[in-house]
Amino acid sequence: MHFDPAIAAQASFTRARNSGELGDDLEQAQEAEAIFSSSAGDEAREAYFTLVALGERRPDAVALQEFLIYITWQQVTEETIAAHFQRGAELCDRYLGRLAPGHDAMQADQIRDLRRSFRAGLGQGEDDDAGYDEDVLKGGD
């Protein structure tokens, strides 16, 4: 990876907060993010799951979904279990599957990088890629 997921997470959270994506969940999201960012262990884990639940209620909130992908990578580094890798891969698939024309190419590239890492952590290769690396030429092209 050629970027820091923690820094990318903060930038995405700021965009989600400032864009109004969080709506009436803003206060809860800010509280959970503050706990997640400043603590470790069970307290941070609970905050992470609170944020994931908020994201499930707002699947179309682009910056929030980016934030969740980045913090899932942070969670993987804290607790290396298959469930986090699986959740990360699913979040990436959902995000990449909803890219609209004019999307932020840098964010999409970073999410693709994380998707590869999540999948590698699950022992999955890139050969069943689902087409998310549309810019990469495949054999015979």
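Just so we're clear, the structure is a prediction, and the values are computed from it rather than from any experiment.
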* To do: Determine, using the 4.5 Å side-chain heavy-atom cutoff (strictly less than), whether Val52 and Leu114 are members of one ILVMFWY cluster.
  => yes

* To do: Before accepting this row, confirm whether a basic side-chain N of the pair Asp42/Arg45 lies closer than 4.0 Å to the acidic partner's carboxylate O.
  => no

* Asked: Where the side chain of Glu66 meets the backbone of Ala61, is there a donor-acceptor pair that is under 3.5 Å apart?
  -> no

* Structure fact -> Rounding to 0.5 Å, atoms CZ (Arg115) and CH2 (Trp73) come to a distance of 13.5 Å

* Asked: Any idea which heavy atoms bring Pro59 and Glu56 closest together, and the distance?
  -> CD-O, 3.6 Å

* Asked: Taking atom CG of Asp93 and atom CD1 of Ile111, what is their separation to the nearest 0.5 Å?
  -> 11.5 Å

* Main-chain N/O of Gly41 paired to Glu78 side chain as donor or acceptor, under 3.5 Å -> no

* So, does Ser12 use its side chain to make a donor-acceptor pair with the main chain of Ala9 at under 3.5 Å? -> no

* Structure fact -> Heavy-atom closest pair (Leu99 atom, Ala108 atom, distance to 0.1 Å) is CD1-CB, 3.9 Å

* **Leu68 versus Gly55, closest heavy-atom pair with distance** => CD1-CA, 3.4 Å

* Asked: Roughly how far, to the nearest 0.5 Å, is the CD atom of Glu27 from the CD atom of Glu31?
  -> 5.0 Å

* Asked: For Leu64 and Leu22, what are the C-alpha separation, side-chain angles and deciding distance, and is it a side-chain contact (heavy atoms from CB on, under 4.5 Å)?
  -> CA-CA 8 Å; Leu64 176 61; Leu22 296 166; 3.8 Å; yes

* **Straight-line distance of Leu96 CG to Gln65 CD, nearest 0.5 Å** => 11.5 Å

* Heavy-atom pair with the smallest gap, counting every atom of Ala89 and Arg119 -> CB-CG, 4.3 Å

* Asked: Are Ile35 and Phe49 in one and the same hydrophobic cluster, where Ile, Leu, Val, Met, Phe, Trp and Tyr link if side-chain heavy atoms are under 4.5 Å apart?
  -> no

* To do: Measure the acute angle between the ring planes of Phe36 and Tyr48, then classify it against the limits of 30° and 60° as parallel, tilted or perpendicular.
  => tilted

* Asked: Stepwise, does the side-chain contact (heavy atoms from CB on, under 4.5 Å) test hold for Gln75 with Ile71?
  -> CA-CA 6 Å; Gln75 196 62 26; Ile71 67 168; over 6 Å; no

* To do: List the atom of Ala82, the atom of Leu122, and the distance in Å for their closest heavy-atom pair.
  => O-CD2, 3.8 Å

* Check the angle between the aromatic planes of Phe67 and Phe13 and answer parallel, tilted or perpendicular using the 30° and 60° thresholds. => tilted

* To do: Could you check Arg17, Gln10, Gln28 and say which one makes a side-chain contact (heavy atoms from CB on, under 4.5 Å) with Glu33?
  => Gln10

* Decide yes or no on side chain to side chain donor-acceptor pair (under 3.5 Å) for Gln86 and Glu90, but give the supporting numbers first. => CA-CA 6 Å; Gln86 184 65 42; Glu90 289 168 2; 3.0 Å; yes

* **Gap separating the CD atom of Glu46 from the OG atom of Ser39, nearest 0.5 angstrom** => 9.5 Å

* Within the side chain of Arg58, is there an N or O that forms a donor-acceptor pair under 3.5 Å with the backbone of Glu21? -> yes

* Structure fact -> To the nearest 0.5 Å, atom CG of Asp24 lies from atom CZ of Arg57 at 7.5 Å

* **Leu91 vs Phe118 side-chain heavy atoms within contact, under 4.5 Å** => no

* Common cluster, Tyr70/Ile81, ILVMFWY with side-chain heavy-atom separation under 4.5 Å -> no

* Asked: Okay, side chain of Ser19, backbone of Ala16: is any donor-acceptor separation there less than 3.5 Å?
  -> yes

